[in-house]
There are 2 protein chains.
Amino acid sequence: MSVVKERRERERAQRHQLIITAARELAETEGWEAVTTRRLAERVEYSQPVLYSHFSGKDAIVRAVAIDGFGELAAHLRRARLADSEPRQALHAVCRAYLDFAIERPALYQAMFVMPTDVKIADAETPQLRAAIDEIVSCFRPDNARRELFAEVIWSALHGIAVLADSGRIPPHRQEERLDFLVTQLADTPS
Amino acid sequence: MSVVKERRERERAQRHQLIITAARELAETEGWEAVTTRRLAERVEYSQPVLYSHFSGKDAIVRAVAIDGFGELAAHLRRARLADSEPRQALHAVCRAYLDFAIERPALYQAMFVMPTDVKIADAETPQLRAAIDEIVSCFRPDNARRELFAEVIWSALHGIAVLADSGRIPPHRQEERLDFLVTQLADTPS
DNA sequence: CAGGATGTCTAGCGTTGCTAGAGTGCCGTC
DNA sequence: GACGGCACTCTAGCAACGCTAGACATCCTG
């Protein structure tokens, strides 16, 4: 492979990422309804069709943003978990980190978890998402046979709290109180 | 007011509801992305502009469907709660009823809780939604000072379980197990 | 230096939510 | 009972959307 081709591919990869970050920034500042292919193309200073040489369509761009987000979420949760060694506090820290992540990047969080994408099971298909959830699982002892189930329920609760607060359906204050209650009740498990 | 005018208004109210139910049926059979103003107009056998004489726009139609859903959800939960007199079992029954509702009418549930509407705080503005949530609150003893908070967290968890299962992010089987765990852990509260 | 492949752009298609203005028919008044 | 006016509905069209075809330019290869 020639040197030129390598450079081309490198530039292409850069532009690929540029599109993703541009879409994300546009969504974070003006909301996803403002992310149109025209505005996005203008933002990356190319014409519309180049978007389609990188992604199969707009949905694929949103999905790419979401996958980026999964990786960041996993890192964010891992950092929180390792900061506290006590398992009980670790769960608390991870849960708080999850809610912080959702609240500080609402648009990114939407792309990851509420917008209609076909990112399915939190498993092999998207290892970053699997890794993020595993951070919750890891807060329980390895010999806990039901820790997978516990993590699913805690994740669900966190997700519910995040989206219902974001849409104003539950009052945004008292999030800390809700978090305390959730962890207190779900942390000490019978088994 | 003349008799004719009354009849007109009655017919108009009927058509109003016809639009709402048509939108809902279309969404439930083909998904919300298939609900366009043209298809909806064709379905109610009128031209597009009549929709705008009833609703300010498509969003308002979705919101009307959602509000209808809130009322149904409230009735559904109330029925479940009153079937069991034991408070502990009542909470279990209400939670199961909530998940059933979400799973059996996914499109309606989406309009109510995931699509971007400006239905805000679960309070005065939309009494039907408030009534639905109060069914969860009512599962706790009136002298429980924190029952409002408990209900919010349980609602959040139920919502999370519902949407993550619907989008295939957590395996759809074992919903019963998750429900059991949730109720067992959150039902007996310290206070 | 020509030929071909690669890559980008202009232009446009079909569909979307929504609206203006024409047309129609029904009502209440004299 | 004819008529003027009003309420109502429809046809037609706008701007913006996601997406694509085909022309044009640019660069590497033989």
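Convention: sequence-line order gives letters A, B, ...; per-chain numbering from 1.
Per the geometry, CG belonging to A:L40 stands 14 Å off C1' belonging to D:dC19, to the nearest Å. For the pair A:H54 NE2 and C:dC9 P, the computed distance is 11 Å after rounding to whole Å. In this structure, the CZ atom of A:R12 is 9 Å from the C1' atom of C:dG7, given to the nearest Å. For the pair B:Y46 OH and D:dA7 P, the computed distance is 18 Å after rounding to whole Å. When rounded to the nearest whole Å, the span between OH of B:Y52 and P of C:dC18 equals 4 Å. A:I61 has its CD1 atom 11 Å from the C1' atom of D:dC19, to the nearest Å. Summarising the geometry, the separation between CG on B:L51 and P on D:dC8 is reported as 16 Å, rounded to the nearest angstrom. Note: NZ (A:K58) to P (D:dA16) measures 15 Å, nearest angstrom.
Map A:E33 and B:E45 each onto its nearest nucleotide of DNA chain D; the residue landing nearer the 5' end is B:E45.
A cation-pi arrangement is absent between B:R169 and A:F113, since the terminal nitrogen or guanidinium carbon is not both under 6.0 Å from the aromatic centre and inside a 45° cone about the axis.
Nearest nucleotide to the side chain of B:R38, out of C:dT19, C:dG17, C:dT10: C:dG17.
If you check distances only, the side chain of B:Q48 never reaches the base of D:dC10 with a donor-acceptor pair under 3.5 Å.
Checking A:Q17 against A:D68 by side-chain atom types alone, a donor-acceptor pair falls below 3.5 Å.
Taking every heavy atom of both residues into account, A:R178 and A:H173 meet most closely at NH2-O, 2.9 Å. Counting all heavy atoms, side chain and backbone alike, B:V44 lies closest to B:I19 at CG1-CA, 4.0 Å.
Between the side chain of A:R81 and the main chain of A:A90, no donor-acceptor pair closer than 3.5 Å is present.
At the phosphate of D:dG18, OP1 or OP2 sits under 4.0 Å from a side-chain N or O atom of A:T37. Dashed line: the shortest gap from a side-chain N or O of B:R15 to OP1 or OP2 of D:dT9 is under 4.0 Å.
Across all strands shown, B:T36 has heavy atoms under 4.0 Å from sugar-phosphate atoms exclusively, and none from any base.
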